[in-house]
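Reviewing the structure listed below.
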There are 2 protein chains.
Amino acid sequence: MEKRSRNAAATRQAILESAVTAFTKRGYDGVGVREIAADAGVTAMLVNRYFGSKEGLFTEVVDTAFAPPTMIPDNPEVPVRLARATAEALVARTAPGAEHLGPFELMLRSAANPRAADIIRAGIERHVGARFAAGLEGPDAQERAEVGLALLAGVWLMRTVIGTPALRDSQTPVLTDRLAAMLSVVVDP
Amino acid sequence: MEKRSRNAAATRQAILESAVTAFTKRGYDGVGVREIAADAGVTAMLVNRYFGSKEGLFTEVVDTAFAPPTMIPDNPEVPVRLARATAEALVARTAPGAEHLGPFELMLRSAANPRAADIIRAGIERHVGARFAAGLEGPDAQERAEVGLALLAGVWLMRTVIGTPALRDSQTPVLTDRLAAMLSVVVDP
DNA sequence: GTCTATAAATGGATAGAC
DNA sequence: GTCTATCCATTTATAGAC
């Protein structure tokens, strides 16, 4: 039985998990591979050994973070419930005391880097965008899905990354109602 | 008559203009003071001499970029026109061939850095946010203004910074109608 | 399978000359 | 008022030992 610290697969996984957290909290340009490796208990060299480069690591991080349906339900019910359920999830996840993790935070904190933005766009097309569009009926499903994602991303940006005061202090039911009404414009066919 | 290259005010202004362009195109973490100085025809040392630090320079850049009313009209007409006019301006400015400049791009490309995010939040409160809220009637004007800004920022992000395909290729009138309908949720009292 | 050591480049900021 | 030269920290990535 090999030691954990000499198991390649476990080491790779530890690096990947450390990278998901680090990139999500501080963005592609905000973290170095040294720090990611140290959090995983290894040296920076192994990051390049297992993922080729920082960019290669980020590609796997995006795939890991965007794959699970954290915000858009996988099997949506009737569309009118989709708008409200999504608005509720958004308001809850961006509340002042909440954990600021997940794919949206990863996107917002890494989008400034053009290479990272390309990788994110590919991840959106494969996962969140496709999942959202599949839940919509009627014409222009993909465009409507992307407009919906834009609203989610914008609210996440202003409320948690920038931290504008009125959105931070906003009362949950009022904000939820407003966002649900806006989302229903793209969700209701 | 002093030479331009020995006029402190002109040099300061040249650095500031170079910095507005550079930070807007590549974000706070994406440019170095060396590059900004070189574009202004001076050395990096003068940046620190006139602005104290990169952070001090960024503070003035934000104030410069957020001051003019580039997207939210200064003297809005009836609110129902405000939603449509804003949607039209947004779609035009984020069109594939358009110039990707202005305060939204500056915000989106710099928000990942926490210090830059703080400076941006202050700029929004003083300029865009206040201007937008002043154009709204009814209760919760500031919250509604910030939700509107969130939609604008999110669309700008997805359409030009990330570049999701359906939004890039979207037909102008359809997209404009949809965004105007969403904006009217927060604009119409 | 993982390490130390280091290469090669780049970052912001400063000292002191002119 | 502006420059050259430099300091010091930090980055990604690689070479070679164990």
Side-chain angles (χ1 to χ4, degrees), chain A residues 1-20 22-23 25-62 109-110 112-119, chain B residues 1-20 22-23 25-62 109-110 112-119:
Chain A
M1 197 176 332
E2 296 178 340
K3 295 165 49 188
R4 180 218 166 272
S5 63
R6 289 278 169 167
N7 181 329
T11 298
R12 214 192 111 100
Q13 186 63 18
I15 292 171
L16 184 59
E17 284 170 14
S18 165
V20 168
F23 281 139
K25 279 185 181 164
R26 320 243 298 274
Y28 185 82
D29 287 336
V31 270
V33 296
R34 272 180 179 77
E35 187 179 352
I36 292 171
D39 270 15
V42 296
T43 64
M45 207 227 86
L46 291 189
V47 172
N48 284 337
R49 176 163 177 79
Y50 289 127
F51 297 93
S53 66
K54 185 185 185 180
E55 205 174 315
L57 173 61
F58 187 74
T59 304
E60 287 213 32
V61 164
V62 166
R109 292 208 182 269
S110 301
N113 185 297
R115 292 199 200 88
D118 279 346
I119 295 167
Chain B
M1 198 178 330
E2 296 179 339
K3 297 165 49 187
R4 179 217 165 273
S5 64
R6 288 279 168 167
N7 180 330
T11 298
R12 214 191 111 100
Q13 186 63 19
I15 292 171
L16 184 59
E17 284 169 16
S18 165
V20 169
F23 282 139
K25 280 185 180 165
R26 319 241 301 273
Y28 185 82
D29 287 335
V31 270
V33 296
R34 276 181 177 80
E35 187 179 352
I36 291 171
D39 270 16
V42 298
T43 65
M45 207 226 85
L46 290 189
V47 172
N48 284 337
R49 174 160 179 81
Y50 288 129
F51 298 92
S53 66
K54 185 185 185 181
E55 205 174 314
L57 173 62
F58 187 74
T59 305
E60 287 214 30
V61 164
V62 167
R109 292 209 181 268
S110 301
N113 185 295
R115 291 199 200 88
D118 280 346
I119 296 167

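Here is how names work: the chains are called A, B, and so on, in the same order as the sequence lines, proteins then strands, and each is numbered from 1.
Rounded to a whole Å, the CD atom of A:Gln13 is 16 Å from the P atom of C:dG1. Rounded to whole Å, the distance from CZ on A:Arg26 to P on D:dT10 is 12 Å. When the C1' atom of D:dT2 is taken as reference, atom CZ of B:Arg12 falls 16 Å away, rounded to whole Å. Between the CD1 atom of A:Ile36 and the C1' atom of D:dT11 there is a distance of 12 Å, given to the nearest Å. Rounded to whole Å, atom P of D:dG16 lies 15 Å from atom CZ of A:Arg49. Note: CG (B:Leu46) to C1' (D:dA5) measures 15 Å, nearest angstrom.
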Strictly under 3.5 Å: I want the nitrogen or oxygen pairs between protein and nucleotides 11-15 of chain C, one per line.
unit_1: C:dG12; atom_1: OP1; unit_2: B:Val31; atom_2: O; d: 3.4
unit_1: C:dG12; atom_1: OP1; unit_2: B:Lys54; atom_2: NZ; d: 2.8
unit_1: C:dG12; atom_1: OP2; unit_2: B:Val33; atom_2: N; d: 3.0
unit_1: C:dG12; atom_1: N7; unit_2: B:Arg34; atom_2: NH1; d: 2.9
unit_1: C:dG12; atom_1: O6; unit_2: B:Arg34; atom_2: NH2; d: 2.9
unit_1: C:dA13; atom_1: OP2; unit_2: B:Asn48; atom_2: OD1; d: 3.4
unit_1: C:dA13; atom_1: OP2; unit_2: B:Lys54; atom_2: N; d: 3.0

Convert the base pairs of DNA chain D into dot-bracket notation, remembering that pairs crossing earlier ones are written with [ ] and that bases paired across to another strand are shown as |; include only Watson-Crick or G-U pairs under 3.5 Å.
|||||||.||||||||||
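Distance alone, capped at 3.5 Å, is enough to place a donor-acceptor pair between the B:Lys54 side chain and the B:Val31 backbone.
Nearest heavy atom pair, residue A:Tyr50 against residue A:Arg12, reads O-NH1, 3.1 Å. Closest approach of B:Val47 to B:Ala37, counting heavy atoms only: CG2-CB, 4.0 Å. Across all non-hydrogen atoms, the minimal contact from B:Ala116 to B:Ser110 is CB-O, 3.4 Å.
To the nearest 0.5 Å, atom CG of residue A:Asn48 and atom CD1 of residue A:Ile15 are 9.5 Å apart. One finds the OG1 atom of B:Thr59 at 11.5 Å from the CZ atom of B:Arg115 (value rounded to the nearest 0.5 Å). Note that CG of A:Asn7 is 11.0 Å distant from CD of A:Gln13, once rounded to the nearest 0.5 Å. In this structure, CG on B:Asn113 lies 10.5 Å from CZ on A:Arg26, to the nearest 0.5 angstrom.
Residue A:Tyr50 has no polar side-chain atom (N or O) positioned under 4.0 Å from OP1 or OP2 of C:dG1. Proximity of B:Thr43 to the phosphate of D:dT4: no side-chain N or O atom is located under 4.0 Å from OP1 or OP2.
Using the six-membered ring where Trp is involved, A:Tyr28 and A:Phe23 have ring planes that are parallel, under 30° apart on the 30 and 60° scheme.
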